[in-house]
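For reference, the structure is listed below as structure tokens.
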Amino acid sequence: MGLVYLKDVTTLTLHPEKCIGCELCTQVCPHLVFTMENKKARIANKEACMECGACATNCPAAAISVHSGVG
Amino acid sequence: MKKENSCCSTPCCDATESLEPSAHPNRNTDFPWVLEEMDTPIGKIPKIKTQTEFADTLGAIAVRLGINRSNYRINPGLYAVGNPNDLSPVLVTANYKLTFDSLRKELSKQNLWILVLDTKGINVWCAAGKGTFSTDELIKRINLVQLKNVISHKTIILPQLGAPGVAAHEVSKHTGLKVSYGPVYARDLPRFLNNELKATTDMRKVHFTLKNRLTVIPVELKVVLKVLPILFTLLFIFNLISPGEINFSRVFLQSANNLIPYAISIALGTLGIAALLPYIPFRSFAAKGLLLGLAWAALAVRYHGTFNFPENTLIVAANILFLTSITSFSALNFTGSTTYTSISGVQKEMLYTIPLIAVATLLGLGLVITYKIMLFTG
Ligand code: SF4
Ligand code: SF4
């Protein structure tokens with residue numbers, strides 16, 4: 001069952017030039033948003049992002065930013 | 001950085017009371033889930049059972065229903081499963097009893113260590129969002145239990161859902177240990193452990209099954225139970241204001257009857273949405289709620305008399321406005337319990353919906369007041 005929420009709302013952004021290809025973002029994302037392509041991360045399924053922040057927190061190269069809530 | 005996930009209305013997101021055995025605070029064997037104590041380089045640590053017992057199930061039900069929210073913390077620290085040695089894997093988890101139970105019951109026949117973090121009795125996902133399942137707590141706990149005196153390898157396995165709270169590279173930097181993210185669900189752990197600590201794609205995805213959706217219902221119901229008396233009071237006041245003699249017991253009964261369609265509209269916005277989520281059209285929760293609400297309002301006004309409402313166009317219109325607003329609002333509120341809605345999405349929905357609901361409610365109130373004035377002026 002693939003529940004998807006609203007289109008074009010997520011604040012997720014990836015800066016591919018900073019990516020060092022560690023693959024961690026593909027491992028932590030609970031909605032399989034990222035895939036690897038030529039040793040770089042790519043956002044493959046943007047609208048599935050729920051802005052949990054796991055990818056941004058774990059990216060060692062600070063290549064990902066996402067606004068993951070208030071407070 | 002402290003973050004808040006959108007899960008904070010789920011039962012497990014509220015902090016629970018500590019489970020301190022008052023008589024023998026140091027005797028691990030007093031806990032029913034502890035099998036025995038085990039000697040390790042850091043001293044005696046509890047070895048736990050991998051079978052949950054009747055009391056655990058009973059306790060779990062009580063927590064879900066919100067009856068006994070206390071006593072659902074596990075003491076943080078290191079635990080053993082089976083007969084682990086210095087090469088055995090280390091699993092990290094939260095100190096919420098239900099999380100601990102769902103983990104240990106998947107670990108029969110395993111030999112490993114479990115490092116329980118102090119997440120204030122909150123499950124991994126919510127604790128990661130609230131900042132208690134965190135880089136700092138993990139580093140602190142690794143040092144406190146002297147983990148590196150127990151193991152000779154360098155890997156610790158974290159639940160994937162803890163990732164929003166932990167920066168793996170920070171943990172390596174401060175402890176020299178490597179974080180490996182395990183599967184989302186504990187039931188996949190045996191497969192993960194047998195697969196050289198590699199999770200397959202299917203282990204990485206979070207689901208929102210009917211069962212998940214229904215577990216949040218008791219909490220939603222609690223909210224409903226708080227709202228109903230308020231609605232009843234409003235209906236009661238509304239019914240009191242009428243020309244002629246006032247019969248309190250009649251007004252009471254009438255208001256109770258009036259309340260029924262309202263209770264149903266709230267139930268639809270919570271239980272209805274939860275159960276039917278994938279089958280209701282629209283991605284927006286407010287829109288899903290609006291649809292259910294309109295369907296119910298149509299039915300409710302068709303049986304206006306049954307619910308003891310006056311047969312009057314103004315009241316019919318007001319009821320349609322109120323009933324759909326309530327369902328829509330309840331549905332929007334349910335986003336707080338899902339595992340796939342984003343904060344930006346919810347904010348966007350609120351931006352559209354809240355003003356609409358406010359206008360509909362005011363309009364409804366206008367109609368009701370007009371109706372009353374007409375009653376009094378004949
Ligand atoms: S976590 Fe960061 S560095 Fe690693 S693959 Fe993803 S984007 Fe690239
Ligand atoms: S914020 Fe969460 S859901 Fe969105 S891409 Fe990152 S890990 Fe995936």
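Each chain gets a letter, A, B and so on, in the order its sequence line appears, and its residues count up from 1.
Within the 4.5 angstrom heavy-atom criterion, only backbone atoms of V166(B) (N, CA, C, O) approach chain A. Within the 4.5 angstrom heavy-atom criterion, no atom of A199(B) approaches chain A. In this structure, chain B has a heavy atom under 4.5 Å from the backbone of C49(A), while its side chain stays farther away. Heavy atoms closer than 4.5 Å to chain A are found in the side chain of L161(B), but not in its backbone.
Between R204(B) and Q27(A), the closest side-chain pair of non-hydrogen atoms falls below 4.5 Å. In this structure the side chain of T339(B) never reaches within 4.5 angstrom of the side chain of P30(A), judged on heavy atoms. Within the 4.5 Å cutoff, side-chain heavy atoms of Y5(A) are placed close to those of V346(B). Between L6(A) and S284(B), the closest side-chain pair of non-hydrogen atoms falls below 4.5 Å. For the pair T341(B) and M50(A), the minimum side-chain heavy-atom distance is 4.5 Å or more.
For the residue pair T57(A) and P164(B), the shortest heavy atom distance occurs at OG1-O, 3.4 Å. The two residues Y181(B) and L24(A) have their closest heavy-atom pair at CD1-CD1, 4.5 Å. Shown here for K205(B) and L32(A), the closest heavy-atom pair between the two residues is CD-CD1, 3.7 Å. The two residues V28(A) and Q160(B) make their nearest non-hydrogen contact at O-NE2, 2.9 Å.
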- V9(A)/S342(B) under side chain to side chain contact (heavy atoms under 4.5 Å, CB included): CA gap, chis, key distance, verdict: CA-CA 8 Å; V9(A) 288; S342(B) 59; 3.8 Å; yes
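Distance check: C59(A) SG to H169(B) NE2 gives 7.5 Å after rounding to the nearest 0.5 Å. One distance of note links CD of E51(A) with OG of S344(B); it measures 3.0 Å at 0.5 Å rounding.
Other residues, nucleotides and ligands contribute at most 12 non-hydrogen atoms within 6.0 Å of the CZ atom of F329(B).
A donor-acceptor contact shorter than 3.5 Å links the side chain of N58(A) to the backbone of A163(B).
Not counting sequence neighbours, the partners of D202(B) by the side chain to side chain donor-acceptor pair (under 3.5 Å) test are R191(B), T200(B).
In terms of heavy-atom pairs under 4.5 angstrom with chain A, the leader among K348(B), E349(B), R283(B) is R283(B). Taking chain B as the reference chain and counting heavy-atom pairs below 4.5 Å, the highest number among A48(A), C29(A), C55(A), A56(A) is found for C29(A).
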